[in-house]
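What follows is a set of notes on a single structure, which appears directly below.
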Amino acid sequence: MAVVDLERVSAILAMPPQAKAILDSKEKQVIMNLRLKISSDEVISAETFIVYHCTVRGPAKGGIRMWPDVTLEETGVLAELMTYKCALSGVPFGGGKSGIRLDPHKISRFIKTAIVKEYVHIMREELDVGAYVPAPDMGTGPVEMAVIFGETHKPETVTGKPVGVGGLPGRKEATGRGVAHVTRLAVERLLQKPINKMTCAVQGFGNVGSHTAVFLAQMGAKVVAVSDLTGGAYDPKGLDIDKLRDYSNHNGGGVAGFTKQVITNADLLAMPVDVLIPAAAGDAITHANVETIQASLIVEGANAPVDRQADSILRGKGKRIVPDILANAGGVIASYVEWQQGKSGAITPITETYDTIEQRLTNAFDRVLAVQDETKGDLRLAAHVVSCQELLIALRDRDWV
Ligand code: NAD
């Protein structure tokens, strides 16, 4: 299913059919078989894709997902999401994504590095010209990005690199920083309440979830519940997020057991909190559990954590949902700063990165809210309208339509 309902958008924004046709299809799909001999009788073989959804606003930006069940279709949906996310936050990138169908947990560090080198080898035409600019996604991280940088010799080829090799201080925290900032804006402007009076529950305690929780706690919000694949932690007085991070890091990466009170992921989603932040995987809230949701504000830290059916039911109950392309755009904004730094050779202080994230997200939030007020629709539709406005400008500027 398409990320953006172009028919709904077209009812608000006059879109020529040619523009709709462009956004309704993929620009280019590269499908390769990555093969690597790892011993005299063993060859690893992994289907590998790069999908370009739309590059009218700039090179395709999006992460590399190394996961055992990643598909071309899923990669395409994620590429599409990136087109709209980049357009909404105003960074000069298009939408792309890459997939390597392989279980990252079943290979050694050494083999993973060799696979990434092979990836650069087979995808060199895409990477060398800067047509696709990768970043980390599930199963890949800063080390893999450093390997890509090493193989291509250009810092702007890839973002999400370690700070020691041209990476950006603050990139790691950027998505969570943005989710927390957007949560504060939504609480203040939609609920007319201060953030330090809010209770929050965060699903997922990985990169996005943990940093979101840290920044929310710094703002004075009470993060009462957090969960991950190991289970959940709950304290009605508010969790000590710094201690929880230490615990999780020293406990094989899990939050389970941090508090006496044990909760499940289902309990977390159903908590009577002000703000619920699904920041783990897609499809966390579906028709199967939507009736249990009590929070009045849902901020999509993850990509597509609320499916379309659940979205419509929640809206029907008057709940507000801050869509993924707005809520988690802090990461791609920081990627833009890193890309710019790679091109220019500048060194960017963390304060500047955080300022850029907050300014761009505030600007996008204001525009989305203005469209929502005007159209009396929902935030997701308004965010899609603002993205499409930007894409239409670029499509016309480049004489594509
Ligand atoms: P991550 O792998 O660092 O962390 C994922 C967390 O979610 C882990 O704590 C894991 O235990 C938990 N989790 C996974 N499946 C779960 C389930 N079924 N139930 C409960 N917990 C579960 O990943 P991340 O980088 O934090 O990304 C999380 C989401 O945010 C993904 O949807 C990703 O596409 C999206 N996203 C990430 C970034 C980024 O910069 N990392 C940017 C934008 C969007």
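The first residue of the sequence shown is numbered 1, and numbering continues consecutively from there. Counting starts at 1 for both ligands and their atoms, following the listed order. Being a predicted model, the structure only gives us computed values, none of them experimental.
No salt bridge links Lys97 with Glu74; every basic N to acidic carboxylate O contact stays at or beyond 4.0 Å. Between Asp24 and Lys20 there is no salt bridge, since no side-chain nitrogen of the basic residue lies less than 4.0 Å from a carboxylate oxygen of the acidic one. By the 4.0 Å N-to-carboxylate-O rule, Lys117 lies too far from Glu144 to be salt-bridged with it. With salt bridges taken as basic N to acidic carboxylate O contacts below 4.0 Å, one links Asp366 and Arg189. Remark: Asp311 engages Arg380 in a salt bridge, criterion side-chain N to carboxylate O under 4.0 Å. Comment: Asp240 does not engage Arg245 in a salt bridge, judged by the lack of any side-chain N to carboxylate O separation of less than 4.0 angstrom.
The ligand atoms of ligand 1 that sit less than 4.0 angstrom from a heavy atom of Ala279 are 28 (C). Here is the list of ligand 1 atoms found below 4.0 Å of a heavy atom in Gln203: 19 (N), 20 (C). The ligand atoms of ligand 1 that sit less than 4.0 angstrom from a heavy atom of Gly301 are 30 (O). Ligand-side atoms of ligand 1 in range of Asp228: 9 (O), 11 (O), 20 (C), 21 (N), range being under 4.0 angstrom from any heavy atom.
In this structure, atom 39 (C) of ligand 1 lies nearest to the protein heavy atom Thr175 OG1, 3.5 Å. In this structure, atom 2 (O) of ligand 1 lies nearest to the protein heavy atom Met138 CG, 4.8 Å. Protein heavy atom closest to atom 3 (O) of ligand 1, with residue, atom name and distance, is Asn207 N, 2.9 Å. Among all protein heavy atoms, the one lying closest to atom 9 (O) of ligand 1 is Phe205 N, 3.0 Å. The protein heavy-atom contact nearest to atom 17 (C) of ligand 1 is Leu229 CD2, 3.7 Å. The protein non-hydrogen atom at the shortest distance from atom 30 (O) of ligand 1 is Ala302 CA, 3.4 Å. Of all protein heavy atoms, the one lying nearest to atom 6 (C) of ligand 1 is Gly206 N, 3.7 Å. At the top of the distance list for atom 33 (C) of ligand 1, counting protein heavy atoms only, stands Asn303 ND2, 4.0 Å.
Atom CG of residue Leu268 and atom OH of residue Tyr234 lie 10.5 Å apart, to the nearest 0.5 angstrom. Ile22 contributes atom CD1, which lies 9.5 Å from atom CE of Met15 (distance to the nearest 0.5 angstrom).
Atom 21 (N) of ligand 1 lies below 4.0 Å from at least one non-hydrogen atom of the protein.
Cation-pi geometry between Arg177 and Tyr354 is satisfied (NZ or CZ under 6.0 Å from the ring centre, within 45° of the ring normal).
Proximity of Gly282 to ligand 1 is not established, as no heavy-atom distance is less than 4.0 Å.
Nearest to atom 31 (C) of ligand 1 by heavy-atom distance, out of Ser227, Ser248, Ala281, Ala280, is Ala280. Residue Asn328 holds the heavy atom nearest to atom 43 (C) of ligand 1 of all those in Asn328, Thr230, Thr264. For the residues Asp137, Val255, Val208, Thr212, the heavy atom positioned nearest atom 27 (O) of ligand 1 is part of Val208.
When Asp103, Asp137, Ile100 are each tested for a side-chain contact (heavy atoms from CB on, under 4.5 Å) with Met66, only one passes: Ile100. A side-chain hydrogen bond (donor to acceptor under 3.5 Å, both in side chains) with Thr159 is found for exactly one of Lys61, Gln340, Gln341, namely Lys61.
Only the side chain of Arg65 comes within 4.0 Å of ligand 1, judged by heavy-atom distances.
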